[in-house]
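Everything below concerns the one structure shown next.
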Amino acid sequence: QVQLVESGGGLVQAGDSLRLSCAVSARTFSTFGMGWFRQNPGTEREFVAGISWNGRKADYAESVKGRFTISRDNAEKMVYLQMNNLKPEDTAIYFCAMETWPNGLGSKRRIDYKYWGQGTQVAVSS
């Protein structure tokens, strides 16, 4: 049974930073690419950042490049999203996800992810 649990969300002001964490209970975690997505009510879930199974490759949505950093600790089975210089448009529920197939690179496509967490709310006030 694979479980993903996000934490670290909250209410902050524009310009502040937050660090999201995702704890993964999967025996083979270290062989799967991981991603962060976000969603607001009535909108589609959108890609934020992805990281390869070995942590050597990371990819970002254009809207967060230079502000967000994804990382992983395979020994601890954790994935992180460091978010700096937050903007009101970053407000959303953030989801951690694990790819369906091993040796992944952290795809931008939702369809490539099989396992999802319940999400953590991030709210940025202006």
Side-chain angles (χ1 to χ4, degrees):
Q1 182 76 9
V2 176
Q3 287 188 319
L4 291 78
V5 179
E6 303 94 336
S7 60
L11 173 62
V12 297
Q13 293 186 331
D16 285 350
S17 297
L18 276 177
R19 188 195 196 203
L20 304 184
S21 299
C22 175
V24 182
S25 63
R27 185 171 57 85
T28 55
F29 166 76
S30 63
T31 63
F32 286 83
M34 299 292 297
W36 285 97
F37 290 74
R38 66 187 182 188
Q39 185 175 24
N40 281 303
T43 67
E44 289 194 357
R45 195 169 295 187
E46 64 174 5
F47 172 80
V48 175
I51 189 166
S52 63
W53 64 276
N54 57 7
R56 293 177 182 175
K57 177 186 177 296
D59 201 3
Y60 300 91
E62 285 298 325
S63 59
V64 307
K65 277 184 179 178
R67 299 188 297 122
F68 290 12
T69 302
I70 187 171
S71 61
R72 65 189 294 161
D73 184 334
N74 281 349
E76 297 295 327
K77 297 185 179 181
M78 297 289 294
V79 182
Y80 304 100
L81 185 67
Q82 178 67 43
M83 306 185 296
N84 298 330
N85 189 23
L86 281 160
K87 303 176 180 181
E89 51 264 42
D90 294 319
T91 294
I93 299 175
Y94 283 71
F95 298 89
C96 174
M98 190 167 85
E99 286 186 319
T100 304
W101 304 108
N103 303 318
L105 300 179
S107 172
K108 291 184 176 181
R109 306 189 311 166
R110 285 179 298 158
I111 195 173
D112 291 328
Y113 293 83
K114 180 176 181 179
Y115 302 100
W116 295 83
Q118 293 300 306
T120 184
Q121 176 73 55
V122 172
V124 184
S125 62
S126 57

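Numbering starts at 1 and runs along the sequence shown.
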Under a 3.5 Å distance rule, please check whether [X] uses its side chain to pair with a backbone N or O of [Y] as donor and acceptor.
{"X": "T91", "Y": "A123", "answer": "no"}
{"X": "K77", "Y": "A23", "answer": "no"}
{"X": "S52", "Y": "K57", "answer": "yes"}

Can [Y] be reached from [X] by stepping across I, L, V, M, F, W or Y side chains whose heavy atoms are under 4.5 Å apart?
{"X": "M34", "Y": "F37", "result": "no"}
{"X": "W36", "Y": "Y113", "result": "no"}
{"X": "M98", "Y": "W116", "result": "no"}
{"X": "L20", "Y": "F47", "result": "no"}
{"X": "Y80", "Y": "L18", "result": "no"}

I want to check a possible cation-pi pair here: R72 against W53, using under 6.0 Å from ring centre and within 45° of the ring axis as the test.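 No; the conditions do not both hold, so R72 does not lie above the ring face of W53.
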
Can you name the one residue among E6, E44, E89, E46 that meets salt bridge (charged side-chain N to carboxylate O under 4.0 Å, His left out) with R38? E46

Please find the pair of heavy atoms, one from L81 and one from A49, that lie closest to each other, and give the distance. CD1-CB, 4.1 Å

Where is the tightest heavy-atom contact between A14 and S126, given as atom of each residue plus distance?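 The pair with the smallest heavy-atom distance is CB-CA, 4.3 Å.
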
Kindly check if the number of other-residue, nucleotide or ligand heavy atoms within 6.0 Å of CD (Q118) is above 12? no

Quick one: are [X] and [Y] in side-chain contact, heavy atoms under 4.5 Å?
{"X": "I70", "Y": "Y60", "value": "yes"}
{"X": "I93", "Y": "F95", "value": "yes"}
{"X": "F68", "Y": "L86", "value": "yes"}
{"X": "V122", "Y": "M83", "value": "yes"}
{"X": "F29", "Y": "V79", "value": "yes"}

In Å, rounded to the nearest 0.5 Å, how long is the span from CZ of R45 to CG of N40?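 Between R45 CZ and N40 CG, I get 11.5 Å after rounding to 0.5 Å.
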
Let's go through E99 and S107 carefully: what are the C-alpha distance in whole Å and the side-chain angles of both, what is the deciding distance for side chain to side chain contact (heavy atoms under 4.5 Å, CB included) to 0.1 Å, and is it a yes or a no? CA-CA 8 Å; E99 286 186 319; S107 172; 3.2 Å; yes

Is D90 salt-bridged to K87, cutoff N-O under 4.0 Å? no

Show every side-chain hydrogen bond (donor to acceptor under 3.5 Å, both in side chains) that has at least one partner inside residues 8-26, sequence neighbours left out.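 The answer is S17-N84.
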
Stepwise side-chain hydrogen bond (donor to acceptor under 3.5 Å, both in side chains) test for N74 and S30: CA-CA 5 Å; N74 281 349; S30 63; 4.9 Å; no

Can you check side chain to side chain contact (heavy atoms under 4.5 Å, CB included) on V2 and K114, steps first, answer last? CA-CA 10 Å; V2 176; K114 180 176 181 179; over 6 Å; no

How would you list all residue pairs meeting disulfide (SG to SG under 2.5 Å) that involve residues 1-113, not counting sequence neighbours?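 Those involving residues 1-113 are C22-C96.
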
